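Computed from a predicted model, the values in this text were never measured in an experiment.
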Amino acid sequence: MRPVKQSDLDELFENYPQVIALMPNRFTSHQFILKLAQRNQKAYIEALHAYRRKIQPFRKLHTRLAKQLNEHRDLVRKAGRDTKSPDIFTAHPGCMTWSKVGK
């Protein structure tokens with residue numbers, strides 16, 4: 001089994017600034033991931049495919065995508081946790097809330 005590589009996610013990561021620009025001033029990781037996946041469906045499917053042999057591949061991928069928001073401190077900052085935000089399966093595991101910088 002091949003490990004997931006950074007290159008499996010690069011195409012999605014390259015789109016973070018454009019997707020962040022489309023988000024409201026405050027948003028959750030779940031909202032961001034949904035918008036990222038909607039706008040970059042092929043890259044999202046390829047990234048999910050890289051996680052196919054993991055237990056809970058959606059959760060593993062989404063955790064990695066959410067953590068990548070920390071790499072854009074010039075655009076967003078953590079604003080707390082949202083315990084009511086539904087994930088892709090409508091479960092409510094909670095996630096980070098983000099605020100755009102300067103908003």
Side-chain angles (χ1 to χ4, degrees):
M1 173 172 56
R2 164 177 101 67
V4 177
K5 297 182 203 171
Q6 175 74 26
S7 61
D8 294 322
L9 304 169
D10 283 345
E11 188 173 346
L12 286 175
F13 291 165
E14 290 168 7
N15 287 283
Y16 272 51
Q18 296 90 335
V19 175
I20 290 169
L22 297 171
M23 301 305 294
N25 290 338
R26 283 180 70 96
F27 59 92
T28 68
S29 296
H30 293 152
Q31 292 167 327
F32 176 80
I33 291 165
L34 179 59
K35 181 70 76 178
L36 181 69
Q38 287 171 334
R39 294 185 56 84
N40 302 279
Q41 292 181 31
K42 183 178 180 290
Y44 176 81
I45 290 168
E46 288 175 2
L48 185 58
H49 185 261
Y51 282 83
R52 72 192 176 281
R53 299 202 195 287
K54 304 283 185 188
I55 295 172
Q56 298 183 320
F58 279 96
R59 184 171 181 223
K60 295 284 187 188
L61 173 59
H62 290 183
T63 297
R64 181 65 185 95
L65 295 175
K67 286 181 179 181
Q68 186 66 20
L69 280 164
N70 266 328
E71 300 301 316
H72 295 279
R73 292 186 186 132
D74 57 324
L75 300 175
V76 294
R77 64 178 170 79
K78 290 181 182 179
R81 275 192 72 70
D82 182 332
T83 58
K84 296 181 171 125
S85 177
D87 66 11
I88 194 167
F89 298 110
T90 67
H92 296 263
C95 66
M96 188 59 59
T97 299
W98 302 86
S99 290
K100 289 183 178 181
V101 171
K103 302 289 178 181

How long is the gap from [atom1] on [X] to [atom2] on [Y], to the nearest 0.5 Å?
{"X": "S85", "Y": "F27", "atom1": "OG", "atom2": "CZ", "result": "11.5 Å"}
{"X": "L69", "Y": "T28", "atom1": "CG", "atom2": "OG1", "result": "10.0 Å"}
{"X": "T97", "Y": "H30", "atom1": "OG1", "atom2": "NE2", "result": "10.0 Å"}
{"X": "Q41", "Y": "L48", "atom1": "CD", "atom2": "CG", "result": "12.5 Å"}
{"X": "K35", "Y": "I33", "atom1": "NZ", "atom2": "CD1", "result": "14.0 Å"}
{"X": "N70", "Y": "K78", "atom1": "CG", "atom2": "NZ", "result": "4.5 Å"}

Requested in this report: Report yes or no: does K100 contribute a side-chain atom to a donor-acceptor pair with the main-chain N or O of A21 at less than 3.5 Å?
Outcome: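 Side chain of K100 to backbone of A21: a pair is present.
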Requested in this report: Ignoring hydrogens and angles, tell me if any N or O in the side chain of E71 forms a donor-acceptor pair with the backbone of Q68 under 3.5 Å.
Outcome: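 Pair absent, no side-chain N/O of E71 close to backbone of Q68.
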Query raised in the report: Between F89 and F58, does a side chain to side chain contact (heavy atoms under 4.5 Å, CB included) hold up when you go through it step by step?
Result: CA-CA 10 Å; F89 298 110; F58 279 96; 3.5 Å; yes
Report task. Kindly indicate, with the supporting measurements, whether the criterion side chain to side chain contact (heavy atoms under 4.5 Å, CB included) is fulfilled by R39 and N15. Result -> CA-CA 9 Å; R39 294 185 56 84; N15 287 283; over 6 Å; no
Query raised in the report: Do other residues, nucleotides or ligands put more than 12 heavy atoms under 6.0 Å from the CZ atom of R59?
Result: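 12 or below, so no.
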**Report entry** Greater than 12 external heavy atoms within 6.0 Å of E46's CD
**Finding:**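 For E46, atom CD is crowded (more than 12 foreign heavy atoms under 6.0 Å).
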Contact between [X] and [Y] at the side-chain level, heavy atoms closer than 4.5 Å - yes or no?
{"X": "S29", "Y": "M96", "result": "yes"}
{"X": "W98", "Y": "M23", "result": "no"}
{"X": "F13", "Y": "H72", "result": "no"}

Query raised in the report: Between L9, L61, L36, which is the residue that forms a side chain to side chain contact (heavy atoms under 4.5 Å, CB included) with Y44?
Result: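 Filter result, single survivor: L61.
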Report task. Over all heavy atoms of both residues, which pair between R81 and P93 is shortest? Give the atoms and the distance, please. Result ->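 The pair with the smallest heavy-atom distance is NH2-O, 3.7 Å.
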Query raised in the report: Which pairs with one or both residues in residues 82-93 pass salt bridge (Lys or Arg N to Asp or Glu O under 4.0 Å), sequence neighbours excluded?
Result: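 Listed by first then second residue: nothing to list.
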Query raised in the report: Are Y16 and L22 linked, directly or through other ILVMFWY residues, by side chains that come within less than 4.5 angstrom of each other?
Result: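 Hydrophobic grouping puts Y16 apart from L22.
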